[in-house]
There are 2 protein chains.
Amino acid sequence: MATKGAKHIPARLRFARNLRSIRKEMNLSQEGLADLANLHRTYVGDVERGERNISIDNMEALAEALGVPLWELLRM
Amino acid sequence: MATKGAKHIPARLRFARNLRSIRKEMNLSQEGLADLANLHRTYVGDVERGERNISIDNMEALAEALGVPLWELLRM
DNA sequence: GTGTGACTTCTAGTCCGTA
DNA sequence: ATACGGACTAGAAGTCACA
């Protein structure tokens, strides 16, 4: 078969990138987002760099803070 | 307006329920799934009961073990 | 085959700084 | 406003014995 590859980017990285790009689209700072999600400034930065293995509760907190559905943050 | 409610079920619970129902559709035991995902039997059970705040890496491991995209497990 | 309590190890998540 | 480090505490990861 032809189209097999795809070699998925790890979910953690997809989440990281989507989080950052959506946050920026909203002209929100990491600090501002952290506040909205009741998380810490530095932690959000770590997550956006893909350095943290974030838990589902906090993923949801961030999604809600951004006002987007969680699956949107897992988009390729 | 009429249809506003929706009162989202927490992502953790949605994940729990979807995981269980998809696993069962595949006639797979918690044990079998745990093996495929390189996780422990009891841990998978805990997750299916929504008792664990699972991290993104393990969510992905379970999704891959089931052969479904991660977002499928977050479906309402 | 699954649920549950208890337990230890490891990392998620906080908070302080400095650049 | 963000990155990054160190040091710390809360809580996730991972395992077991028993129902």
Side-chain angles (χ1 to χ4, degrees), chain A residues 7-76, chain B residues 7-76:
Chain A
K7 174 59 69 15
H8 25 208
I9 292 150
R12 193 202 283 213
L13 267 189
R14 295 204 308 279
F15 186 88
R17 291 169 180 174
N18 293 334
L19 182 65
R20 175 163 288 182
S21 76
I22 293 177
R23 174 181 63 77
K24 285 193 168 174
E25 268 172 25
M26 300 176 63
N27 287 317
L28 204 56
S29 68
Q30 289 180 350
E31 241 167 350
L33 174 55
D35 279 354
L36 290 172
N38 290 305
L39 290 173
H40 258 258
R41 204 195 95 221
T42 55
Y43 183 68
V44 171
D46 288 352
V47 169
E48 284 192 354
R49 262 173 275 122
E51 285 168 7
R52 296 282 184 153
N53 185 17
I54 191 173
S55 67
I56 192 168
D57 285 357
N58 281 342
M59 288 170 72
E60 186 170 41
L62 287 168
E64 283 180 352
L66 290 174
V68 301
L70 180 46
W71 56 261
E72 188 78 34
L73 291 173
L74 291 166
R75 265 273 179 72
M76 180 60 76
Chain B
K7 175 58 70 21
H8 25 212
I9 292 149
R12 192 202 285 212
L13 267 189
R14 295 204 309 278
F15 187 88
R17 291 170 179 175
N18 292 335
L19 182 66
R20 175 163 287 180
S21 77
I22 293 178
R23 174 180 64 77
K24 286 192 167 172
E25 269 172 25
M26 300 177 65
N27 287 316
L28 206 57
S29 67
Q30 288 181 351
E31 244 167 345
L33 174 55
D35 280 353
L36 290 173
N38 289 305
L39 292 172
H40 205 84
R41 201 204 102 215
T42 56
Y43 181 70
V44 172
D46 288 352
V47 170
E48 283 191 355
R49 262 172 277 118
E51 286 168 6
R52 298 268 188 158
N53 184 15
I54 191 174
S55 69
I56 193 168
D57 286 357
N58 280 346
M59 289 171 73
E60 186 170 41
L62 287 168
E64 284 180 352
L66 289 174
V68 301
L70 180 45
W71 56 262
E72 188 79 33
L73 290 172
L74 290 166
R75 262 274 177 67
M76 181 60 76

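To find a chain, count down the sequence lines: A is the first, B the second, and so on, and within it residues start at 1.
A:Arg12 has its CZ atom 11 Å from the P atom of C:dT11, to the nearest Å. Between the C1' atom of C:dT4 and the CD atom of B:Glu51 lies a distance of 8 Å, rounded to the nearest Å.
In terms of position on DNA chain C, the residue among B:Ser29 and A:Arg52 whose nearest nucleotide sits closer to the 5' end is B:Ser29. For the pair B:Asn53 and B:Asp46, nearest-nucleotide mapping onto DNA chain D gives the more 5' position to B:Asn53. Taking the nucleotide of DNA chain C with the nearest heavy atom to each of B:Lys24 and B:Asp57, the more 5' of the two is matched to B:Lys24.
Contact annotation: A:Arg20 side-chain N/O to D:dA3 OP1/OP2 distance is under 4.0 Å. Contact annotation: A:Arg49 reaches the phosphate of D:dC4 (side-chain N/O to OP1 or OP2, under 4.0 Å). Look at B:Tyr43 and you'll find a side-chain N or O under 4.0 angstrom from OP1 or OP2 of D:dA13.
Look at A:Glu60 and B:Arg12 and you find no salt bridge, because none of the NZ, NE, NH1 or NH2 atoms lies under 4.0 Å from a carboxylate O. Salt bridge status for B:Arg17 with B:Glu48: absent, with no side-chain N to carboxylate O gap under 4.0 Å.
Side-chain to base pairing of A:Thr42 with C:dC16: no donor and acceptor N or O lie closer than 3.5 Å to each other.
A distance of 4.5 Å separates CZ in B:Phe15 from CE in B:Met59, rounded to the nearest 0.5 Å.
Using a 4.0 Å heavy-atom cutoff across all strands shown, A:Glu48 reaches no nucleic acid atom at all.
Side chain of B:Arg41, nearest nucleotide from C:dA12, D:dT15, C:dG3: C:dG3. Of the candidates D:dT2, C:dT4, D:dG14, D:dG14 carries the atom nearest the B:His40 side chain, counting heavy atoms from C-beta on.
Listed for the B:Arg14 side chain is a donor-acceptor partner under 3.5 Å among the backbone atoms of B:Ile9.
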